[in-house]
Amino acid sequence: MKSIKRAVGFLGLCSALLLSACNGDDSPKQTEQSQVKLQPIVIQGALPVESERMASKLDNVSVEMIGEWKFWKGTYKGYPMIISKTRMGMSNSAAATALAIQRYQPIAIINQGTSGGHDPALNVFDIVLGKFTTNIGAFKTPKKPIGDGSNALEWNEAFDVLPDDEADPEPIAIRKFEADPELLIAAYKAKPNYSKGKVVEGTIGSADVWNNELDRIDLLRKTYGTSVEEMEAASVAQVAHQFNVPFIGIRILSNNITNNGAYNPATGEACQDYVLDVAEQFMKAKSEIK
């Protein structure tokens, strides 16, 4: 009698385990539920050519306007995502970032888009993962009297707009915002899927300036170690840093004046496709942790 009871109990246990396996954590329904429970990741692009392709790939999309800043809210492969059109420039992107953080409480922020090359070894369609992002438009010029003119090649004292000591009237220092390690890992996971150019680590330089003087570009590269320049990422990194939100800048070369790389508008879409892959890899890792 005991052996029969044991057999029945064993069969019951097997049935329970089988049912549990059929309804386990790997089922599509439960996986999707765990994905949706994550806070959204925000992906930014300044212009339509840097944002609308990503927005078109979202499911369950709703559009929100906050002032003149546009946000697409939806999911991508089950993961919650916000596509943010920040508009051009440091002030616009900083404001869009603060709004996104306050409204959506994102798990992370990726600032991406096109850029101009500073490194002659990089070509159009190459992608720079911003191991560091820095403001190349904040600097102190040397003192010169009337009549001595102005020389941009002497503007090499970087000004730290986020000093540790706010009592310092002249915080002369280069501040570089380092990429979040987990976002950088996700970017490397997506790297094998990108075939239109190289994917390399580098430093992204930002300012409300479009540099076309090769000597000035060379000075910026020597002073800041810049790979590319653009007009948004450093201000986004600065705001994200103050809110303690993980951040990475990712920029594709749309042109490179240092080696005569001509502008190609298709680079904007190529970067968006790559960054969606990065976001998916990051959210997947976060989902597995949860």
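Note that these values count all heavy atoms, side chains included, but never hydrogens, waters or copies made by symmetry.
Hydrophobic clustering places Leu184 together with Tyr274 (ILVMFWY residues linked when any side-chain heavy atoms are closer than 4.5 Å, directly or through intermediates). In this structure, Val236 is not a member of the same hydrophobic cluster as Val275, with clusters built from ILVMFWY side-chain heavy atoms closer than 4.5 Å. Two different hydrophobic clusters hold Ile107 and Phe247 under the rule that ILVMFWY side chains link at heavy-atom gaps under 4.5 Å.
Salt-bridge formation is not detected for the pair Arg251/Glu229: no Lys NZ or Arg NE/NH1/NH2 atom is positioned less than 4.0 Å from an Asp or Glu carboxylate oxygen. Looking at Lys196 and Glu269, no side-chain N of the basic residue comes within less than 4.0 Å of a carboxylate O on the acidic one, giving no salt bridge.
Partners of Arg87 by salt bridge (charged side-chain N to carboxylate O under 4.0 Å, His left out), not counting sequence neighbours, listed by chain and number: Glu68. Every side-chain hydrogen bond (donor to acceptor under 3.5 Å, both in side chains) that Lys140 has, sequence neighbours left out, goes to Glu170. Partners of Lys189 under the salt bridge (charged side-chain N to carboxylate O under 4.0 Å, His left out) rule, at least two apart in sequence or in another chain, do not exist in this structure. Ala138 is linked by a side-chain contact (heavy atoms from CB on, under 4.5 Å) to Asn135, Phe159, Val161, counting only residues two or more places apart in sequence or in another chain. Every salt bridge (charged side-chain N to carboxylate O under 4.0 Å, His left out) that Asp160 has, sequence neighbours left out, goes to Arg175.
Proximity of Arg103 to Ile66: side-chain heavy atoms (C-beta onward) are separated by under 4.5 Å at one or more points.
In this model, a donor atom of one side chain and an acceptor atom of the other lie less than 3.5 Å apart for Thr97 and Gln44. Inspection of the Thr114 and Glu50 side chains reveals an N or O donor paired with an N or O acceptor under 3.5 Å. Side chain to side chain, Ser227 and Thr203 fail the donor-acceptor criterion of an N or O pair below 3.5 Å.
Although no hydrogens or angles enter the test, the distance criterion places no donor-acceptor pair under 3.5 Å between the side chain of Trp69 and the main chain of Ser93.
Across Thr223, Val209, Ile204, Leu220, a single residue satisfies side-chain contact (heavy atoms from CB on, under 4.5 Å) together with Ile136, and that is Leu220.
Here the CD atom belonging to Glu154 is positioned 10.0 Å from the CG atom belonging to Leu219, to the nearest 0.5 angstrom.
Sequence neighbours left out, the pairs with a member in residues 82-137 that pass ring-ring contact (aromatic ring centres under 6.0 Å, His included) are Phe71-Tyr104.
A pairwise comparison of heavy atoms in Gln105 and Pro40 identifies O-CD, 4.5 Å as the closest pair.
Under a cutoff of 6.0 Å and an axis angle of 45°, Arg216 and Phe139 form a cation-pi pair.
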